[in-house]
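Below: one structure, written as C-alpha cells.
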Amino acid sequence: MTRTNLNRFGTLIAFVLLCIGFSIAAPAAFASPANVFNLVQQMATLAIVATAATLVMTISEFDLSVGFSASLAAVICFVLFGQGYDVWLAVPAALLVGIVGGAANGVLVARFGIPSFVATLALGTILSGFAFGLSGGQSLFQSVPDGFKSLARGDVFGIPVLGFWIVAVLGVAAFVLTQTEFGRRLRAIGGNAQAARLAGLPIVRDVIVTFAIAGGLSALAGLLLASRLGSVQHTMGEPLLLPAYAAVFIGTTASPTGAPTVAGTLLGVAITGVMVNGMTIVGVEPFVQKIMTGVIILVAVLLRRVGRAR
Amino acid sequence: MTRTNLNRFGTLIAFVLLCIGFSIAAPAAFASPANVFNLVQQMATLAIVATAATLVMTISEFDLSVGFSASLAAVICFVLFGQGYDVWLAVPAALLVGIVGGAANGVLVARFGIPSFVATLALGTILSGFAFGLSGGQSLFQSVPDGFKSLARGDVFGIPVLGFWIVAVLGVAAFVLTQTEFGRRLRAIGGNAQAARLAGLPIVRDVIVTFAIAGGLSALAGLLLASRLGSVQHTMGEPLLLPAYAAVFIGTTASPTGAPTVAGTLLGVAITGVMVNGMTIVGVEPFVQKIMTGVIILVAVLLRRVGRAR
Amino acid sequence: MLELSGISRRFGATHALEDVSLALSEGEVLGLVGPNGAGKSTLIKIIAGADRPDAGEIRIDGTPVQFHSAHDAYAAGIRVIHQDAPLVPGFDTVENCYLGRAYPRRFGRIDRKAMRRAIAEVAADIAPELDLDLPVMFLPPAERQFVRLLRAVADKGRLLILDEPTAALPAEDAERFYDVLRRTRERGTSIILVSHRLDEIADFCGRAVVIRDGRIVARFVESEVKPESMIAAMGGSASERSTRATDTSAPKIIEIDGVTAGDLTRPAALDVHAGEVIALYGLAGSGRSSLLNAIWGAIPWVGKMRLAGADYAPRSPRQAIARGVSCVPADRHRSGLFVSEDLVFNKTLPLLSGYRRLRGLPVPDVKAEQAEFVVAAERVSLSYGDPKQLARTLSGGNQQKLIFARWANRHSKVMLLDEPTEGVDVMAKATIKDIIRAIAADGNAVLVSTSDRDEALELGDRIAVFRQGGIVRVFTRAEASAEALSAAAQSREAA
Amino acid sequence: AGEKVSVITPFLAAIATGEMIEAFKAKAAEYQWTVDVVDTAGDMAAFASRVEDATTSGANAIVLVSVDPTQIQDQVDKAKAAGVPVITIDGAKNASSVLNVTSDNYVLGETMTKFLFDQIGNKGNIVRFFYSAHPGVHQRELALDAALKANPEIKQVADHYVAVPGQVDDSRAAMDAMLLANPGDGAINAVWAAWDEPGIGANLAIEAAGRKGIVIAGIDGNPQAIDLIKACGAYIGTVRQGFGEMASIAAGELNTILAGGSAKADELYAPVELITRESLGVTCP
Ligand SMILES: Nc1ncnc2c1ncn2[C@@H]1O[C@H](COP(=O)(O)OP(=O)(O)OP(=O)(O)O)[C@@H](O)[C@H]1O
Ligand SMILES: Nc1ncnc2c1ncn2[C@@H]1O[C@H](COP(=O)(O)OP(=O)(O)OP(=O)(O)O)[C@@H](O)[C@H]1O
Ligand SMILES: [Mg+2]
Ligand SMILES: [Mg+2]
C-alpha cells in the first residue's frame with residue numbers, strides 16, 4: 001500500500017516541482033490567476049481527447065482517429081453554419097458524425113478483427129479526406145453564431161467555461177470507468193478479452209460503444225477548439241494525437257497496476273500543459289523547449305520509481 | 001495450414017489487385033520500368049524505418065522516435081559536411097548518434113521500466129530538439145559531397161541503388177528474426193515476456209540491443225533520404241512514423257499468428273507505396289486520395305478474412 | 001546436491017515461506033505437498049532463480065549460490081516446470097521446448113531438423129498425437145500442458161522440478177509421463193515433484209515433505225509416504241465416496257442430441273436429469289471441453305439442444321447465462337482470470353448486474369459485492385489476505401477456487417465445470433465436491449469434466465466417457481470402476 | 001490544349017497555398033489543361049516521390065507550389081532531363097526550373113515590418129511569431145532582423161516558433177503566456193506575425209485577456225485577418241500577396257512554354273498590397 005502510494009506520488013511530485021519551479025522563475029506571470037485561467041483553457045481540448053484515448057486504452061486498443069474526428073466535426077459544424085443552419089442543429093450533427101465514425105471503428109475492430117491501429121488509422125484517413133473535401137482546404141470562420149462561441153469562451157463565476165467541460169467530461173468518464181458495470185466490463189475486456197467473453201460479457205457491443213464514445217468525445221473536443229478559436233482548419237485536430245496518448249501513458253506510470261486511469265491522464269495532460277506554458281512564459285528558446293519537454297517527461301516518470309523497492 | 005495460407009494470401013491478393021487496377025488505368029505510365037524504378041526508390045526509406053518498427057514490435061514495444069532519429073542523423077551529417085568533414089566521418093558519426101539514441105531508449109524501457117510509448121516519445125522529442133537546434137530550423141543543402149549523393153541515387157545494372165539497400169536491410173532483418181538465436185529470443189520476449197524470463201533469456205540486454213538497432217536503422221533511413229533529396233529539414237523524418245507502423249500492422253494481418261514479420265511489413269510498405277504512386281499517376285483529387293487510401297487499406301486487411309471460417 | 005537453509009520469503013503481510021530448510025541428495029526423488037497457498041510454488045521459484053528469498057541460503061554441492069536470474073539456475077543444471085508456466089504462443093512445440101537452451105547447429109546455422117528430431121523422440125512417449133509444428137496458441141489447453149512436460153524432460157539436467165505437472169491430465173495420460181519420468185530418475189537425475197494427487201506422490205517419491213503456512217510441518221520417508229498420513233499432516237481428512245443412484249423419473253434439464261463442435265467430431269447425445277451430476281471422462285483432446293463449450297455457447301456447434309423442455313441454441317456465453325447456465329472454464333489463466341484486477345472484481349464480474357443498489361442503475365454496490373465475496377470465499381475455503389489484493393498474487397490452487405467461487409452461490413439450472421479442481425488441494429477438493437452435489441440436489445443439472453478418475457467416480461451419478469471426439473459409453477454408478485473407465489477411454493473400437 | 005499539368009505541394013493544408021492552387025486551376029481550365037493536384041502533407045520525401053511520379057507519368061509540365069526546388073534538386077534535375085518543364089509558384093529560383101513566380105518575400109516582410117513599426121512610432125516592444133523551416137517565411141524574418149537593427153528603440157521581448165498544423169491554437173496559447181510574462185500596459189506594443197494565422201491566434205489571446213495597446217500585423221491577406229482589421233481590434237494590417245496574380249502569371253507563362261516559347265524571365269514577381277483600415281475604408285471609433 002505504501003509503496004503504491006509512493007509510486008503514485010512520484011509523478012504527482014514531479015508535477016508539483018514543475019509548478020514550483022516555474023513559480024519561482026516567473027512568480028508574477030506563472031502563478032497568477034490569469035495564467036491558471038489560461039492553463040485550464042489550454043488543457044481542455046487535449047484533456048477531452050486524452051479521455052477518449054483513456055477509454056480506448058482501457059480495452060487495450062488504440063484509436064488513432066481522434067484528431068481526424070475532431071477536425072471533421074469542426075469542419076462539418078462550420079460548413080453547416082455557412083449554410084445558415086442553427087447551433088442546435090449543427091452541433092448535434094457534428095457530434096453524431098463523430099459518434100458514427102467511432103462506432104465504425106468499433107465495428108472494424110470487434111466484428112472484423114482488424115487490429116485497431118490499422119482500422120482507426122485507415123478510417124481516420126477517410127474522415128480527414130472528408131474534412132478536406134468539405135472545407136475545400138480553406139480556413140472557415142464565417143457566419144459563426146454567437147451562441148456557438150460561448151461554448152468555450154469566457155467564464156462563470158470566474159471559472160473558465162472550459163474548466164466546467166473538463167470537470168464534466170473527465171468526471172463522468174472517471175465515474176463510468178471506476179464505478180459502473182460498463183466500466184468494469186471495459187477493464188475486463190482490456191485485461192483478458194478471452195476470459196471476458198467466456199464470462200458472458202457482451203464484448204462486441206462494449207467495444208463498439210467504447211469507440212463510439214471516443215469518437216463523440218473527439219468530436220466534442222474539435223467543436224470546443226473551434227469555438228475557442230472562432231475558425232476551423234481541416235487539419236486542426238491532428239496535433240492532438242500524440243500528446244493525448246503521451247498523457248495517457250504518463251498517467252499509467254502513476255497507476256499501481258499500470259492500467260490507464262482518468263486521474264492519471266489528467267496528470268499527464270497537466271504536466272505537458274504546464275511545461276509548455278511555463279517555458280513560453282519564461283521565454284525558453286524553441287529548440288531548448290523541445291529538449292526540456294523530453295527531459296521533464298522522463299524525469300516525471302522516473303521519479304515514480306523513487307519509492308520503488310530494488 | 002490451408003486456412004493459414006488463405007489468410008496470408010488475402011492481403012497479398014489485395015496488393016496484386018491494386019497493381020492490376022493501376023496497370024489497367026494507366027498502362028503506359030504505371031507499369032513502365034521507369035515507374036517500377038521509382039517505386040523501389042520511393043519505398044526504400046519507409047521500408048527501412050518500418051523494419052526498425054518491426055524489430056521493436058517483435059518485442060511488443062513501440063519506438064516513436066524513429067522519425068526523429070532519422071531527422072537528427074540527417075541534420076548531423078549535413079552540419080558536419082558544412083564544417084568540411086568527409087563522408088567517411090560524417091556518415092558513421094550520424095549512424096552512431098542513431099544507435100546511441102536507440103540504446104538510450106532501450107535502457108529507459110528495459111532498465112527503468114518506462115512504457116516504451118512514453119520513453120521513446122520523450123527521447124524522440126529531445127532528439128528533435130537537437131535536430132532543430134543544430135539546423136537552426138532551416139533547410140540544409142550546402143557542400144554535400146558527391147560521394148554522399150551516390151548513396152541513394154542512380155542504379156547498378158539498371159537496378160536502383162536504393163533497391164539494394166532494401167534487399168540488404170530487410171534481408172538481414174528477416175534472416176536475423178527467423179533464423180538466428182537472437183531473433184528467436186526477440187520473438188519469445190514479445191510473445192510472452194514472462195515465459196522468456198523464466199527461460200532465463202537476457203531480456204534487458206536484448207531489449208537494449210533491439211532499440212539500438214532500430215535507432216541505427218532509422219538513422220540510416222534518414223541519411224538515405226537526405227542523399228536522395230540532397231537537402232535536409234529538421235522535421236523531415238517525422239512523417240515516416242505513422243506509415244511505418246501502419247505497414248507493420250498491415251503486415252501482421254498477413255501473418256498466421258498475428259506477429260510482425262519482415263515480409264508482412266514489406267507487403268504493407270508496398271501496398272501504401274503503390275497506392276499513392278498509382279493514384280498520383282492516375283490523377284486523383286487530393287481529398288479523394290485520402291479517402292481512397294483509407295478504403296484500400298481497409299479492403300486489403302478485410303480481404304484476408306475471405307479464407308476464414310465463419 | 002541441493003541444500004536450502006533458513007529460506008524465508010514475505011509478500012507484504014503474507015509469510016509465504018518461513019525458515020524452510022531442506023536437503024536433496026543426488027538421484028533422490030522428493031515429493032513436496034501442502035494445502036493451497038502453503039508456499040510450494042514460491043519455494044520452487046526461489047530454487048529456479050525466478051524469485052529471490054528475503055533470507056536464507058541455497059547451496060549446491062556444498063557451495064553457496066546466488067541465482068540472479070533463471071539463467072543462473074539453468075546453468076547449474078536445474079530444470080523446472082512452473083505451475084501454469086507460460087509458453088510463447090506464436091512458437092510451436094519444438095521452439096517452445098528449446099527456449100533458453102543451446103540450439104543445435106549445423107554449418108553454423110540453427111539445425112531445426114535436429115531440434116525437431118530430439119523433441120519428437122520424447123513426444124513419442126509422452127504425447128504421440130501432439131502436432132509439434134503448430135503454434136501452441138492453436139493447441140487446446142491439455143495439449144499445451146504436454147508441451148510443458150516435453151520441455152521439462154527433453155532437456156536433461158541434474159535436478160528436475162515439477163510443479164503440478166499433471167494437474168489437468170487424465171490418469172492414462174499422466175501414466176505415460178511418469179513412465180518417462182521413471183527413466184529420467186534411473187539416469188540419476190534428482191527430482192522434486194509437487195502434486196495434489198497424493199497417490200502419485202506415494203507411488204513415485206521416496207521421500208516427502210509437507211508444507212503448511214510457509215513452514216515444513218512433516219517429513220516422510222519410504223513407506224511412510226502415504227496419502228492418509230500426508231493429508232493428516234496437512235490438517236485434513238480423506239473424503240468418502242458417496243452412494244447415490246440416478247433418479248430417472250426426475251425431469252430432464254438438458255437434452256443434447258447430435259451435437260458436434262470443435263474437437264467433438266462425432267455427434268454426441270446426452271440427457272441430464274434434475275439433481276444429476278454427470279462426470280465427463282476421457283483422455284486429453286477427446287472432446288469433453290468442446291461439448292461444455294458448445295453448451296456454454298462459447299464455440300460454434302451444430303445439432304439440437306433443449307433446456308428445461310424448451311429449445312436452447314446459445315451463440316454466446318451471455319445467452320447461456322441468461323438461460324440459467326453457469327460455467328467454470330478450463331485453463332484459468334487464459335480463460336478465467338483477470339490477473340491485474342482484485343479478487344472481488346474477479347468473483348463478481350459475470351453476474352455484476354446482481355449487485356445493484358438501485359435496480360435501474362448499473363452501478364454495483366461495492367459493499368454488497370465484498371460481503372458476498374467473503375461468504376463465497378469461505379465456502380470454497382479460499383485462502384487470501386485481502387479482498388482487494390490482485391488475483392495474480394494468489395497461489396495457483398486459490399486462483400482456481402476464485403473462479404469456481406463465481407458461481408458457487410448462484411442457483412444455476414445447469415452448471416458446466418471444466419476441470420474445476422485443477423490444482424486444488426485434497427481438502428478443498430472435498431469441499432468443492434460437496435458444493436457440486438448440493439447444487440445438483442437443489443434440482444439442477446451438473447456436467448463436470450474432470451481428468452481425475454477417482455473424482456469422476458466419486459462425483460458422477462453417471463459417467464460419460466469420451467474417446468476421439470465422441471462419447472463412447474455412459475456408465476451408471478454401479479457399472480463404473482477405474483478399470484472400466486480406463487478401458488473405455490483407451491478402447492480401440494469406435495462407439 | 002489538352003496538356004497534362006501536375007501541381008505538387010507539401011502544404012496544401014496551408015490556406016495561402018490552397019488559394020494559389022485554386023487560382024491556377026481556374027486559369028488552367030481556360031487553357032484547357034488537365035490538372036492533377038498532389039499534396040504530401042508536409043512530407044518532403046513523399047514530395048520528392050510525387051515529382052518523380054509526375055515525371056514518369058508523362059506530365060507535360062510540373063508546377064511546384066510553396067517549396068524551394070533545392071530541397072529536391074535531384075528530382076527536379078531528372079524532370080528537366082526528361083524534358084518536363086518545372087515551374088514554381090511561391091518558390092525560389094533554380095538552375096533546373098524554368099520559372100519562379102513569387103511575391104518577393106523579403107519585400108513582404110519589409111513592407112509589413114515598416115508599417116507595423118510606424119504604427120507604434122518606431123519605439124517599443126514587439127513579439128515575433130515565426131517558422132524558419134519555410135524558405136519564404138524565413139526571408140520575411142530576415143527583413144525583420146534588418147529592421148530591428150535599424151530601429152534600436154524597438155525591442156523584441158519574446159518570440160515563438162509556431163507549430164504547424166494547429167498553428168492558430170498553438171499561437172494563441174503562446175500569446176497567452178507572453179501576455180502574462182510581459183504584464184502591464186506598454187510591455188508589448190506589437191505582434192509581428194510571419195503570416196496571418198499566428199496573428200489570428202495572438203489576436204484571440206489579446207481579446208480574451210482584454211489587453212489594450214497592442215497591435216498586430218501579418219502577411220498573406222488571409223480573409224479572416226481582413227475581417228479582423230475591419231473589426232477595429234488589435235489586428236491592424238496585413239500584406240496581401242497576390243496569390244491569384246502569381247497563379248495567373250505562372251499559368252500564362254506556362255502557356256507560352258508549352259507552346260514552345262520561353263518565359264519572360266526566370267523569376268517574376270506579383271505585386272504586393274498592404275491592407276490596412278485605411279485601404280479598406282474603415283473608420284474606427
Ligand atoms: N507475487 C505475490 N504477491 C503477493 N503474495 C504472493 C505472491 N506470490 C505468492 N503470494 C502468496 O504467497 C503464498 C504462497 O503461494 P504459493 O503460490 O507458493 O502457494 P502454493 O503452495 O504453490 O499453493 P498452490 O497449491 O495453490 O499452488 C500465498 O499466500 C500467495 O497468496
Ligand atoms: N472452432 C473452434 N473455435 C474456437 N475454439 C475451439 C474450436 N474448436 C475447439 N475449440 C477449443 O478447443 C478446446 C479444446 O480443448 P481440450 O483439449 O481441453 O478439449 P477437448 O478437445 O474437448 O478435450 P478434453 O477432453 O481434454 O477436454 C476447447 O476449449 C474449445 O474451446
Ligand atoms: Mg503453487
Ligand atoms: Mg479439456
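Residue numbers start from 1 in every chain, and the chains themselves are labelled A, B, ... in the order their sequence lines are given, proteins ahead of strands.
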Item checked: Derivation of the side-chain contact (heavy atoms from CB on, under 4.5 Å) call for A/Leu298 and B/Ile126 -> CA-CA 10 Å; A/Leu298 287 181; B/Ile126 296 176; 4.2 Å; yes
B/Pro115 and A/Phe249 have their tightest heavy-atom pair at CB-CD2, 4.0 Å
Correct closest heavy-atom pair for B/Ser128 and A/Lys290 would be OG-CD, 3.2 Å
Checking heavy-atom separations under 4.5 Å from chain B, one finds in residues 117-124 of chain A A/Phe117, A/Val118, A/Ala119, A/Leu121, A/Ala122, A/Leu123
Taking a cut-off of under 4.5 angstrom between non-hydrogen atoms, the residues of residues 59-68 of chain A near chain B are A/Phe62, A/Leu64
So, the part of A/Leu241 with a heavy atom under 4.5 Å from chain B: the answer is side chain
Honestly, the part of B/Leu108 sitting under 4.5 Å from a heavy atom of chain A is side chain
d(A/Leu242 CG, B/Glu238 CD) to nearest 0.5 Å is 9.5 Å
From the list B/Thr252, B/Ile250, B/Ile291, B/Val288, the residue making the most non-hydrogen contacts under 4.5 Å with chain A is B/Ile291
